[in-house]
Each structure stands twice: as C-alpha cells, then as structure tokens.
Amino acid sequence: MNDLPVLYSFRRCPYAIRARMAVAAAGIEVTIREVLLKDKPPELIAASAKATVPVLVLPDGNVIDESLEIMGWALTQRDPLGWLSGEELSSDWIQTCDGEFKYWLDRYKYADRHPEHTAEHYRREAEIFLRKIEDRLTGFSWLGGEAPSVTDVALFPFVRQFAGVEPAWWQGAPYPGTRIWLAQWLEGPLFSAVMTKYPRWEPGQPGARFPTEPCSAETVHGVTAQ
Ligand SMILES: N[C@@H](CCC(=O)N[C@@H](CS)C(=O)NCC(=O)O)C(=O)O
C-alpha cells in the first residue's frame, strides 16, 4: 500500500467528497487517511501548511492540496464517464459555488456564529445561486447539458450541505429540478462508495484502501444510467 498515493480526507467535507468522487470514477486506488479537522495529524500539516482537506500526497512526494486539482489529476488519467468532456474545472459554475455560494452557505449553516443576520437572510443570499441551478436544470438534466460532468460533481456536495441545514424546508422549497438532480447523485452507487466510513487515521498506521471495493464498470456506468 506504500506505493499508493495518500489521500487525507474528511468524510463529510464537500471538497473531499468531490475529490473522492473523481478518484473513484477514475478507478484509481489510493490510501485514505480519515482525519479530524479539530485535531489534524502533523503529517497532514507537514504535507500542506494550509492544512485543509483534501490533500493528496503522490508516491514521488508531490502534493496536491486543492480539491479541483485532485479531480483534474484523477480524471486526466482515466475518465470513463466522460466527466471532463467539454467541461472545465475552472467554469463560472464552480467558481461561484466555491466563492459566493460557499460564503453564504457557511453563514446559513452556522448562523449562530454570525448573529449580524438571521439564518433566513443567509439562506436567501445562498438561494441566488440555487435559483441559477434550478433554471439550468429546468432545461437540462445536468448542469453541463445532456450528460453528467465535473460541474455537477464539483457542485452537488455543496448543494447537499445546503439541503441538509433544514431538510423539511428544502423538501418544500421551489427547487424541484435541483432536488431530483441532487437525489440522482446521492442515490448513485458511486456516492455510497465514496461515503464509506473509515476510522480516524492514527499516525503510524498504514491507512485504508480507497475505494474499499474497486468500482466496476457496472458501478461506474450506473451513474450515467440514472
Ligand atoms: N480550496 C480548498 C478548500 C478545502 C477546505 O476548505 N476544506 C475544509 C473542510 S470542508 C477544511 O479543511 N478546513 C480546514 C479546517 O476546518 O481547519 C479545496 O478546494 O480543497
């Protein structure tokens, strides 16, 4: 397992989820080290001083510490689902998601830490992006058009987080197309594969293999068939 890339990850982190989705879709095996954000291992900080997850340490010692770059690293090696076809990891969709939307999402999720405004205020600000997604998904099944792409994969973990803040409100919110789109990702076999629970990695331990089960062609293609 020593010659596999090492992926520092946190199960629920949306950035880590998008990276794991790409690694699994590419059929690449890595050693996963599940970390606690409140108590990061020194090995993670030594690999990347900014100490965010995900971080990928390659066997040659190179380090990739941005989720979008990990997606690109994986999918440029193998892209059986065609997620990169015609789509860019630097698209406006992804930039707005990681910028404006994430900013409001964090405030909506942790409104008690930002008492200047109400949770509803933060939710309304985040909904500006949600409405764009909904408009797009009214005409197309996927954000990139006719087929799933890196744009969908990069965004859905953040929309999942937004939906999870007030699940009952989300179910009645005026975003039916986005709800269907999100459910297609969350109910897919690839998502369950990347959400496998791993015990916290302890320094000195080897880490666990990821994906736990190699994703077969059927598993992978299950995603396109949705
Ligand atoms: N731009 C980075 C952001 C990653 C990020 O901020 N991850 C969060 C967890 S979801 C993190 O590690 N935060 C550091 C902390 O909580 O200490 C990427 O795309 O990989």
Side-chain angles (χ1 to χ4, degrees), residues 5-26 28 30-58 61-77 83-84 87-114 122 126 129 133 143-144 149-165 182 185-186 190-191 194-203 207 210-211:
V6 172
L7 180 66
Y8 290 93
S9 181
F10 177 62
R11 184 172 175 271
R12 294 195 321 260
C13 165
Y15 300 100
I17 293 174
R18 63 161 61 139
R20 296 197 304 270
M21 288 287 292
V23 168
I28 296 175
V30 298
T31 296
I32 195 162
R33 294 180 174 177
E34 177 74 14
V35 304
L36 266 192
L37 294 179
K38 282 185 204 145
D39 185 16
K40 294 170 190 158
E43 286 81 350
L44 166 62
I45 299 163
S48 167
K50 66 184 170 118
T52 58
V53 287
V55 169
L56 186 72
V57 182
L58 299 175
N62 278 325
V63 173
I64 310 179
D65 62 5
E66 282 294 325
S67 56
L68 297 174
E69 288 175 23
I70 296 173
M71 292 180 82
W73 170 84
L75 295 171
T76 48
Q77 292 178 63
W83 283 352
L84 277 178
E87 285 296 309
E88 305 220 346
L89 283 160
S90 57
S91 73
D92 286 351
W93 282 110
I94 298 177
Q95 279 180 32
T96 309
C97 172
D98 288 19
E100 230 167 280
F101 182 63
K102 174 75 164 90
Y103 176 89
W104 294 116
L105 171 62
D106 281 350
R107 277 151 188 78
Y108 173 40
K109 197 168 167 218
Y110 302 110
D112 52 334
R113 297 181 202 168
H114 302 277
Y122 296 129
F129 188 53
I133 294 180
L143 293 171
S149 75
V150 281
T151 306
D152 305 276
V153 180
L155 263 66
F156 88 79
F158 294 84
V159 177
R160 169 180 181 266
Q161 228 176 37
F162 177 90
V165 179
L182 180 61
W185 286 107
L186 301 188
L190 211 47
F191 182 71
V194 309
M195 292 306 277
T196 301
K197 287 189 180 166
Y198 295 95
R200 178 190 179 182
W201 176 71
E202 302 285 352
F210 172 88

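Each ligand, and each atom within it, is numbered from 1 in the order the structure gives.
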Give me the nearest non-hydrogen protein atom to atom 14 (C) of ligand 1 as residue plus atom name, then the distance to 0.1 Å. K40 NZ, 3.7 Å
Between E43 (side chain) and P203 (backbone), is there a donor-acceptor pair under 3.5 Å? no
Nearest protein heavy atom to atom 16 (O) of ligand 1, by residue and atom, and its distance? L37 CD1, 3.8 Å
Among D106, I64, V53, closest by heavy atom to atom 4 (C) of ligand 1 is V53
Among all protein heavy atoms, pick out the one at the shortest distance from atom 6 (O) of ligand 1; state its residue, atom name and that distance to 0.1 Å. Y15 CE1, 3.6 Å
Considering only the protein, which heavy-atom contact is closest to atom 20 (O) of ligand 1, and what is its distance? S67 N, 2.8 Å
Does any N or O in the side chain of R107 come within less than 3.5 Å of the main-chain N or O of Y103, such that one atom is a donor and the other an acceptor? yes
closest protein heavy atom to atom 1 (N) of ligand 1 is E66 OE1, 2.8 Å
In terms of heavy-atom contacts, V57 and Y8 come closest through CG2-CE1, 4.0 Å
R20 side chain to R11 backbone, donor-acceptor under 3.5 Å: yes
Closest approach of I17 to F156 (non-hydrogen atoms, all atoms of both residues): CG2-CZ, 4.4 Å
Taking side chain as C-beta onward, heavy atoms only, is L58 less than 4.5 Å from L56? yes
If you round to the nearest 0.5 Å, how far is CG of D98 from CG of L68? 5.5 Å
Starting from atom 9 (C) of ligand 1, which protein heavy atom do you reach first, and at what distance in Å? C13 SG, 3.4 Å
Counting non-hydrogen protein atoms only, what is the nearest one to atom 13 (N) of ligand 1? Give residue, atom name and distance. T52 CG2, 4.1 Å
Provide the number and element of each atom of ligand 1 under 4.0 Å from a heavy atom of P54. 20 (O)
